[in-house]
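The basis for the numbers below is simple: all heavy atoms, side chains too, and nothing from hydrogens, waters or symmetry mates. As the structure is a prediction and not an experimental result, all values here were calculated from the model. Proteins come first, then strands; the chains are lettered A, B, ... in the order of their sequence lines, and each starts at number 1.
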Amino acid sequence: MLELINLRKAFNPGTINEKKALNGVSIKLEEGDFVTIIGGNGAGKSTTLNAIAGVWPVDEGAILINGQNVTGLSEHQRAKYIGRVFQDPMTGTAATMEIQENLALAARRGQKRSLRWGITRKEKEQYHELLKTLGLGLEDRMTSKVGLLSGGQRQALTLLMATLKKPQILLLDEHTAALDPKTAAKVLQLSDEIIAANHLTAMMVTHNMANAIEYGNRLIMMNDGRIIYDVKGEEKKHLTVDDLMKKFEEASGTTLNNDRMLLSKKG
Amino acid sequence: MDLLLSKLSTFGNALPGDITQGLIWGVLAIGVYLTYKILDFADLTVDGSLGLGGVVAVVLITNGVPVPVAMIIAFLAGCAAGLCTALLNTMLGIPGILAGILTQLALYSVYLDINGKANAPISIDKFPLVISSRYVTAGNEVIDIIRTVGTALIFVLLIIAALYWFFGTEYGMSIRSTGCNPAMSKAEGINTKVTTIITLSLSNGLVGLSGALLAQYQGFADVNMGRGAIVIGLAAVIIGMVLGEVILRKHFNFVGKLAFTAIGAIVYFVVLRIVMLIGLSTDNTKLFSALIVAIFLAVPYIQKSAKTSFRRAGKRSVSADASPTPEPVNAAGKEDK
């Protein structure tokens with residue numbers, strides 16, 4: 001479904017601030033895989049997702065979605081394959097536009113945008129039903145501007161938008177990190193439900209090791225722009241947070257340096 | 001008392017002309033609204049594309065091209081000017097404001113290339129112009145005055161209707177999202193460079209059309225007719241938004257915003273007339289426009305800082321804490337105490 005072959009990316013190359021963010025990332029995802037990604041600060045977790053999404057071109061390597069090489073496609077050209085939810089709730093939605101307009105924009109992801117009316121009556125009914133499933137009461141506020149919603153509501157809406165047109169791959173980039181614990185748990189639960197219901201292939205970066213173990217069928221750990229640990233199936237189910245800490249020290253030779261990850265160890 | 005009456009009568013006589021002028025500038029202001037408000041792009045091309053539209057229309061009409069055709073070409077000339085700015089910005093990475101300044105400057109030369117000299121007169125006596133200031137002054141038949149104001153109004157209404165349709169389409173919605181959130185727009189598969197190019201072209205096309213109307217209305221195009229036009233356009237947008245918020249409140253929708261942009265332009269010219277009657281000299285009109293825009297842009301900031309400021313926090317803290325407020329010290333100095 002998704003294959004990354006030896007991805008490399010350096011930021012500010014040739015300057016004193018040079019940062020080799022990806023140092024040969026390779027992974028192959030099967031259809032329906034839900035991969036959680038953990039790692040220290042600057043390990044390359046978000047960078048990997050941004051490489052897949054095409055925020056910038058990679059220096060080396062190839063990105064294949066469904067067997068098709070998308071490495072040379074720009075961000076908006078790749079968008080038809082990819083659904084994304086970002087860390088900042090402000091990033092995924094257009095604040096000055098209505099809830100239903102945001103959904104209508106997302107429903108046309110990857111399609112040519114014509115001079116037909118931007119949102120049809122039938123769509124509005126469909127969105128009304130879909131929003132009901134969130135259980136946030138947004139179905140009665142479809143003409144409200146998204147800027148009026150809370151962070152959690154916006155993330156839930158972004159999730160809906162990212163999956164409205166079934167993506168080949170769903171990228172969740174610490175999408176609950178900016179939310180309070182209760183809302184974060186709810187949005188996470190919702191993500192899991194949506195992924196299961198639509199049989200989506202997904203990658204989720206998280207700083208919460210317990211969540212990384214609890215959700216998904218596969219877990220990868222990154223350090224210094226590489227994948228240092230990759231576990232799936234039964235073995236993953238029986239992991240504990242302490243196992244992960246130990247694995248990290250074994251594989252990287254250092255202790256985990258993600259402050260938020262350590263703080264949320266018990267979470 | 002006599003003086004007041006005479007000024008009032010001057011004001012009354014000038015009012016239809018001021019409204020017409022406001023509506024013609026309203027076309028420009030709606031163009032500015034598209035870039036400044038919808039795309040979030042401060043586009044200074046406007047100062048050049050107004051004169052360009054004016055001179056293109058005048059030169060074509062005086063060379064025998066039918067007036068409607070000349071106006072369409074003036075619109076397209078404006079589009080081309082906007083396209084230049086957009087390409088400088090999206091393809092060559094030049095910051096938006098600078099890209100607009102470059103195009104605007106180049107357009108002064110283009111104007112002179114088209115016309116050969118700074119002034120391009122056109123007479124209502126020789127050509128079937130769509131609008132002329134001759135018919136709005138006192139002493140004209142009421143029907144002529146109404147016809148002139150009505151012509152300008154029809155242009156504004158048609159443009160509002162067309163834009164309401166366009167921005168409700170799939171493509172128009174992608175332009176709105178580009179201005180609101182470029183990162184999200186790219187993630188939704190929108191080519192934000194193309195939406196920027198289309199919007200800047202459309203906006204300057206409207207400015208070119210406004211120039212074509214203005215040149216006919218005043219009977220000439222001039223190389224300097226666009227100088228400061230962006231400021232008048234911004235003034236109209238800002239005045240319109242403030243009035244619209246106050247009057248329509250919750251119902252201040254997209255059509256309302258476009259309509260109030262044109263109303264903002266009318267208010268601008270009416271207020272300008274009033275301050276001129278009070279004693280502002282014509283030399284100072286640009287100073288006046290700059291002041292209006294500065295004041296309206298500053299008000300939200302001042303309102304915000306009136307609610308929350310260090311000075312006020314300091315005052316409030318006095319009642320909460322009896323100890324004397326220390327002299328401001330830097331972070332290092334605080335540790336020493």
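Scanning both residues, A/Leu115 and B/Tyr171, for their nearest heavy atoms gives CD2-CB, 4.1 Å. Contact detail for B/Tyr164 and A/Trp117: the closest heavy-atom pair is O-CH2, 4.0 Å. Scanning all heavy atoms of the two residues, the minimum distance from A/Phe86 to B/Ala187 falls at CZ-CB, 4.0 Å. Nearest heavy atom pair, residue A/Lys112 against residue B/Glu170, reads O-OE1, 4.0 Å. Scanning all heavy atoms of the two residues, the minimum distance from A/Asn102 to B/Met184 falls at OD1-CE, 3.4 Å.
By the neighbour-count criterion of 12 heavy atoms within 6.0 Å, atom NZ of B/Lys307 is sparsely surrounded, having that number or fewer from other residues, nucleotides or ligands. More than 12 heavy atoms of other residues, nucleotides or ligands shown are found within 6.0 angstrom of CZ on B/Phe166. Counted within 6.0 Å of CD on A/Glu31, heavy atoms from surrounding residues, nucleotides or ligands total 12 or fewer; the atom is thus considered open. The number of heavy atoms from other shown groups lying within 6.0 Å of NZ (A/Lys80) does not exceed 12.
Residue contact with chain B, scored on non-hydrogen atoms closer than 4.5 Å, involves the backbone and the side chain of A/Glu101 alike. A/Ser74 does not touch chain B: none of its heavy atoms, backbone or side chain, sits under 4.5 Å away. For a residue to count as touching a neighbouring chain, one of its non-hydrogen atoms must lie under 4.5 Å from one of that chain's; by this rule B/Phe167 does not touch chain A.
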- Message: What verdict does the side-chain contact (heavy atoms from CB on, under 4.5 Å) test give for A/Met97 and B/Met173, after you've listed the backbone C-alpha separation in whole Å, the side-chain angles of each residue and the deciding distance to 0.1 Å?
- Response: CA-CA 9 Å; A/Met97 296 174 74; B/Met173 266 167 67; 4.2 Å; yes
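Atoms CD and CD, on B/Glu188 and A/Glu75 in that order, are 10.5 Å from each other to the nearest 0.5 Å. Atom CZ of A/Arg84 is separated from atom NZ of B/Lys186 by 9.5 Å, given to the nearest 0.5 angstrom. Rounded to the nearest 0.5 angstrom, B/Thr192 OG1 and A/His76 NE2 are separated by 8.0 Å.
If you tally non-hydrogen atom pairs under 4.5 Å between each of A/Gly83, A/Ala94, A/Ser114, A/Gly110 and chain B, the highest count goes to A/Ser114. Each of A/Ala53, A/Ala162, A/Gly118, A/Ala104 has some count of heavy-atom pairs under 4.5 Å with chain B, and the biggest count is that of A/Gly118. Residue with the most contacts toward chain B among A/Leu105, A/Thr96, A/Ile119: A/Leu105 (heavy-atom pairs, distance under 4.5 Å).
B/Asn181 places a side-chain N or O within 3.5 Å of a backbone atom of A/Met90 that can act as its donor or acceptor partner.
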